Amino acid sequence: MQMRFLFFTFIYSSCAQQLLFPNDFKFGVATSSYQIEGGWNASGKGENIWDHMTHNNPKSIQDKSNGDIACDSYHLWKTDVQLLKNLGVHFYRFSLSWSRLLPNGLNNRINYDGVHYYNNLIDELLKYNIEPVVTLYHWDLPQGIQNIGGWPNIATADYFMDYAKVAFDLFGDRVKTWITFNEPIEICVSGYGGGDKAPRIIYPGISDYLCGKTILIAHAKVYHLYNNYYRAKQRGKIGITIDTAWNEPNDNTTLSKEASELSLQMQFGWWAHPIFSKNGDYPNVMKERIANISKLQNFKTSRLPNLINHEINYIKGTADFVGVNHYSTVLTSYQPLPKTIPVSFYNDLCVKSEVDPKWKPSAATWVKDVPWGLRKLLNWIKNEYSNPVTYVTENGYPDLGELNDVGRINYLQGYLKELLLAVVVDKCNVAAYTVWSLLDNMEWAEGYKLKFGLYNVNFSDPTRKRTAKSSVEFYKNIIKSRMIPFDNAEVYIL
Ligand code: BGC
């Protein structure tokens, strides 16, 4: 249990000063193309790796479902914008489906129905003063690009840059906030390292690190492209979204503290250190650890592909903000390396992760309601990377779909309170917060069982009727008042 100190100046009471989010702080909600759009082969869209995997191997999804129709936002975008308007959000974070715009993934053929769809959505958002925040890549790689190797193939960085150029040309007059990648560790470790995400390539400890290098180079290429050719005219910002749980040391020992730092560095720092640190490159602890373990495994060089000086400088500083996706916390402690070490990212990391049985659960084993973890993570980022502009690009709570979603309200209230303390008391440079998600949607390998939406979607109804849950009113009030209804009066210092 952390120490709590009352911070008397800010004690919340009817007569005391109330903590408010700054006037220019922005609130939004997020979705992603594959999870909501449907229209998987509508008017010219090409196949992506999720279409391919779910159609060819339905068992890869727990309930054998797929995103063929999902929330049908491909047809219901106008309805979705009305839901956003009702919430009063400042921005809507959504992603572009690469294969809807470029069916083969390559820039020689643009699918104008796809262009039309995103133009409609963007224009409708702007009509209601809702800023479009666009993620270029939220996991739905065109299958054609996967067929030639996907992200572990360094050439994919160039195809991604070609695609980004098409997106800037088409939408950059109206889109002013771009996110290159959503959660690179998921793309690489879950997609190419033996996890449960498409394309499910199982070559752990090799293919995931190759993927990682391509992603870092691809991100930097797209940043430089924007910076050199679009920024002056379009005047937007570009960043990347990285995810991690907060790793709290399980006890006060140096070993546990080192283990939790290692875990943060290898999961968040893998991406953030090359881009946001002063010296660039992968975190030292990560480089040393993988080199040492590779040697023990009889590899002649480290399995982590080297970044040469030119690449380090090319990647360093390539973001206007860091996007942070955060859902939960784990307790981390030291774990000795086994005698024979199987080749994988998780064996390279090799720490023990547990949860406190007293933490409030959710419908997902990996999400516990531990609000103070968000504040600690934001402070860690502040100290590690000189307080960069930070957007919380995802935070949310899975349940089984109750309309009176008190679990979600409690979770959001707790996390927003800690965020407010991070902003006002700790001066973390956080400018935006995003709830995942606007709608219940296709939760990747978990199918449709887990629900993250503020709005319920009836997936057995062909019209995909949307219904507001109780959390809609809750979030709406927070956006309007910029204040968190603190139950308990204390404001504490970390
Ligand atoms: C992803 C979302 C996903 C959410 C809940 C995040 O990792 O960006 O696409 O639905 O977590 O699992």
Side-chain angles (χ1 to χ4, degrees), residues 28-38 48-50 53-54 60-63 65-67 70-71 73 92-98 133-141 179-191 193 195-198 215 239-246 267-268 270-271 322-330 361-370 373-374 377 391-401 405 407-408 411-412 415 432-457 459 471:
V29 287
T31 61
S32 86
S33 46
Y34 184 74
Q35 292 179 276
I36 67 158
E37 283 179 6
N48 66 42
I49 54 176
W50 282 88
M53 183 177 87
T54 55
S60 55
I61 308 298
Q62 272 174 31
D63 56 8
S65 63
N66 55 48
C71 305
S73 292
Y92 176 42
R93 175 180 174 228
F94 62 96
S95 74
L96 303 178
S97 158
W98 182 346
V133 170
V134 172
T135 310
L136 287 166
Y137 188 78
H138 200 127
W139 306 356
D140 43 359
L141 187 70
I179 294 168
T180 52
F181 288 98
N182 180 69
E183 301 189 353
I185 196 168
E186 294 300 323
I187 301 168
C188 296
V189 175
S190 289
D196 64 0
K197 304 223 159 60
I215 297 260
I240 183 168
T241 279
I242 310 172
D243 63 304
T244 187
W246 171 247
Q267 298 187 68
F268 197 89
W270 180 357
W271 320 99
V322 58
V324 177
N325 286 0
H326 173 78
Y327 288 85
S328 197
T329 285
V330 289
S362 73
T365 49
W366 60 278
V367 181
K368 309 288 173 203
D369 187 347
V370 194
L374 174 60
L377 174 62
Y391 301 158
V392 175
T393 40
E394 281 182 35
N395 175 237
Y397 179 86
D399 61 19
L400 296 176
D405 52 344
R408 176 165 299 104
Y411 175 100
L412 293 178
Y415 278 76
Y433 172 84
T434 321
V435 172
W436 182 270
S437 177
L438 173 67
L439 302 168
D440 290 342
N441 59 45
M442 204 285 177
E443 186 48 34
W444 307 112
E446 316 227 47
Y448 290 89
K449 193 170 144 219
L450 289 181
K451 316 283 189 187
F452 278 87
L454 297 176
Y455 287 89
N456 159 280
V457 177
F459 292 102
S471 52

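Whatever order the structure lists ligands and atoms in, that order sets their numbers, starting from 1. Everything numeric in this text was worked out from a predicted model, so none of it was measured.
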Which residue and heavy atom of the protein sit nearest atom 4 (C) of ligand 1, plus the separation: Y327 OH, 3.4 Å

Consider every N or O of E183 and every N or O of ligand 1, then say whether any pair is closer than 3.5 Å. yes

Taking non-hydrogen atoms only, is E446 closer than 4.0 angstrom to ligand 1 via side chain, backbone, both or neither? neither

Which protein non-hydrogen atom lies closest to atom 12 (O) of ligand 1, naming both residue and atom, and how far is it? E443 OE2, 2.3 Å

With under 30° as parallel and over 60° as perpendicular, where do the rings of W139 and W444 fit, or are they tilted in between? tilted

Just verifying a value: how many Å separate I215 CD1 and W271 CH2, rounded to the nearest 0.5 Å? 6.0 Å

Given side chain to side chain donor-acceptor pair (under 3.5 Å), test Y448 with E443 step by step and report yes or no. CA-CA 6 Å; Y448 290 89; E443 186 48 34; over 6 Å; no

So, is W436 polar-close to ligand 1, with some N/O to N/O distance under 3.5 Å? yes

First locate atom CG of L450, then atom OG1 of T365, and finally report the distance between them rounded to the nearest 0.5 Å. 8.5 Å

Which ligand 1 atoms are under 4.0 Å away from a heavy-atom of H138? 1 (C), 2 (C), 8 (O), 9 (O)

Run T393 and T241 through side chain to side chain donor-acceptor pair (under 3.5 Å) and show every step you take. CA-CA 7 Å; T393 40; T241 279; 3.0 Å; yes

Tell me whether ligand 1 is touched by Y34 - counting only heavy atoms on the residue side and a distance under 4.0 Å. no

In terms of side-chain heavy atoms, does S95 have a donor or acceptor partner in S33 at a distance below 3.5 Å? yes

Is there a polar contact between ligand 1 and W444, counting only N or O atoms under 3.5 Å apart? yes

Going by distance only, is there an N or O of Q35 that falls short of 3.5 Å from an N or O of ligand 1? yes

S362 side chain vs A364 backbone, donor-acceptor pair below 3.5 Å: yes

In a check of ring pair (Phe, Tyr, Trp, His ring centres under 6.0 Å) between H138 and each of F94, W436, W98, W50, which one passes? W436

Any N/O of E394 closer than 3.5 Å to an N/O of ligand 1? yes

Tell me which part of N182 gets within contact of ligand 1: side chain, backbone, both or neither, using heavy atoms under 4.0 Å. side chain

